Amino acid sequence: AELELIPSLTFRLNGEIIPCKSSGVFSGFSEMPYPAWDLLPLNQYRLPLTDKPYVLIESSRGCPYSCDFCVVPLLHGHKFRERDATILVDEIERTKHELGIEYFYMWGDTVTLNVKSLSRFCDELIERDLGIKWFGNSRADSLTDESFVRRLKLSGCWMLSMGIESESNDLRVSMQKRLEEKKIRTAVDNLRKAGIKSFGFFILGYPGDTPETIE
């Protein structure tokens, strides 16, 4: 078969990387049916730090940023698409009631990107008082409002991960990671004040890194 004819396939040919050809943006995930979690032995999938079973709730796809190390735009595109807050909480509530799951991974490239819509999600969780815990991926510059971070905590947010990548501002600029040091420190401070665990992603050995910048 001709590899070039296979949609969305990236492959190596004679040492050269042939990138996939875009075939549009899939938006149907927002109307996807409830996952068949009953077909999986969920008790065998345990969350680190808690040793509790958990499931993924897909909240969004796509990222408008262009960090040059990231594959997200290749996989999901730059257009940010979200699922409705009520639908997300409906899925969480059903999963807890039917399967007894209390920990949820809000699966999205940057769950907190749209503060307005995520606030609606938090309000829905707070109103229903389901007694669940959730965590997800974030950006530090979306966590600089202390009142918003407190609302995350009230909704059951237990931990948020952030792509900090490097302590060196020059390296972050080189990565096209548009993120200021002040906002990173503010985000971590806000999470600690609210009692939410902060989880940082770092890249060691990025082009231009030195023992000094790593230190």
Side-chain angles (χ1 to χ4, degrees), residues 3-4 6-26 47-49 56 58-82 105-115 117-118 134-146 148-149 152 157-215:
L3 295 179
E4 295 90 341
I6 302 176
S8 303
L9 179 69
T10 295
F11 59 95
R12 190 187 300 273
L13 182 64
N14 299 325
E16 180 183 0
I17 296 176
I18 311 298
C20 68
K21 295 180 180 178
S22 175
S23 55
V25 174
F26 176 65
L47 180 63
L49 304 180
L56 279 67
E58 187 170 24
S59 63
S60 58
R61 289 186 181 182
C63 181
Y65 294 92
S66 300
C67 305
D68 68 359
F69 53 82
C70 187
V71 300
V72 167
L74 293 176
L75 299 175
H76 291 159
H78 286 290
K79 184 178 180 181
F80 185 67
R81 294 97 69 205
E82 301 171 276
Y105 187 178
M106 300 308 297
W107 180 253
D109 303 311
T110 308
V111 172
T112 61
L113 187 64
N114 187 335
V115 171
S117 61
L118 191 66
W134 66 271
F135 63 104
N137 301 322
S138 180
R139 273 186 63 95
D141 50 12
S142 66
L143 301 172
T144 56
D145 182 345
E146 191 173 346
F148 172 61
V149 175
L152 296 177
C157 182
W158 167 74
M159 179 174 70
L160 286 175
S161 63
M162 300 172 287
I164 298 172
E165 321 310 351
S166 174
E167 194 277 335
S168 166
N169 184 66
D170 290 340
L171 270 180
R172 288 198 304 275
V173 170
S174 176
M175 297 172 179
Q176 300 181 49
K177 179 81 177 184
R178 303 200 300 271
L179 187 59
E180 302 167 18
E181 178 182 347
K182 181 180 179 180
K183 291 181 178 180
I184 296 172
R185 295 186 178 276
T186 299
V188 173
D189 286 343
N190 286 343
L191 290 172
R192 288 179 175 173
K193 288 177 185 176
I196 299 173
K197 290 184 181 296
S198 53
F199 184 104
F201 289 104
F202 293 87
I203 300 174
L204 303 181
Y206 188 85
D209 232 343
T210 66
E212 289 73 27
T213 59
I214 291 174
E215 183 66 28

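This structure is a prediction, so every number in the text was calculated from the model and none was measured. Residues: numbered from 1 along the sequence shown.
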Can you confirm whether the side chains of S168 and T213 place a donor and an acceptor under 3.5 Å from each other?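 The criterion, which ignores hydrogens and geometry beyond distance, is not satisfied for T213 and S168.
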
Give a yes or no answer on whether the side chain of R178 reaches the backbone of Y65 with a donor-acceptor pair at less than 3.5 Å. no

Test your reading of the model: is there a side-chain donor-acceptor pair from N137 to the backbone of S161, 3.5 Å cut-off? no

Please list, chain by chain and in numerical order, all residues satisfying side chain to side chain contact (heavy atoms under 4.5 Å, CB included) with [X], sequence neighbours excluded.
{"X": "K183", "value": "D141, T144, E180"}
{"X": "D145", "value": "S147, F148"}
{"X": "L47", "value": "T50, Y54, Y103, F135, W158"}
{"X": "D68", "value": "M175, Q176, Y206"}

Which pair of non-hydrogen atoms, one from [X] and one from [Y], has the smallest distance, and what is that distance?
{"X": "T110", "Y": "S60", "value": "O-OG, 4.3 Å"}
{"X": "A194", "Y": "V149", "value": "CB-CG1, 3.8 Å"}
{"X": "V111", "Y": "G108", "value": "CG2-N, 3.9 Å"}
{"X": "K197", "Y": "L49", "value": "CD-CD1, 4.4 Å"}
{"X": "V115", "Y": "S142", "value": "CG2-O, 4.1 Å"}
{"X": "A187", "Y": "M162", "value": "CB-SD, 4.0 Å"}

At what distance, to the nearest 0.5 angstrom, does [atom1] of [X] lie from [atom2] of [Y]?
{"X": "L143", "Y": "T112", "atom1": "CG", "atom2": "OG1", "result": "5.0 Å"}
{"X": "L171", "Y": "K177", "atom1": "CG", "atom2": "NZ", "result": "13.5 Å"}
{"X": "L152", "Y": "S138", "atom1": "CG", "atom2": "OG", "result": "8.0 Å"}
{"X": "L204", "Y": "E165", "atom1": "CG", "atom2": "CD", "result": "10.5 Å"}
{"X": "L9", "Y": "I18", "atom1": "CG", "atom2": "CD1", "result": "10.5 Å"}
{"X": "S59", "Y": "N114", "atom1": "OG", "atom2": "CG", "result": "11.0 Å"}

[Y] and [X], any side-chain heavy atoms less than 4.5 Å apart:
{"X": "W134", "Y": "L160", "result": "yes"}
{"X": "P64", "Y": "L113", "result": "yes"}
{"X": "E167", "Y": "E181", "result": "yes"}
{"X": "N190", "Y": "T186", "result": "yes"}

Report, as yes or no, whether the 6.0 Å neighbourhood of atom CG on L13 holds more than 12 heavy atoms from other residues, nucleotides or ligands. yes

For E4, check salt bridge (Lys or Arg N to Asp or Glu O under 4.0 Å) against everything at least two apart and list the hits.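 E4 satisfies salt bridge (Lys or Arg N to Asp or Glu O under 4.0 Å) with no residue once adjacent residues are dropped.
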
Ring pair (Phe, Tyr, Trp, His ring centres under 6.0 Å) against F69, all qualifying residues, sequence neighbours excluded: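 Applying ring pair (Phe, Tyr, Trp, His ring centres under 6.0 Å) to F69 gives none.
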
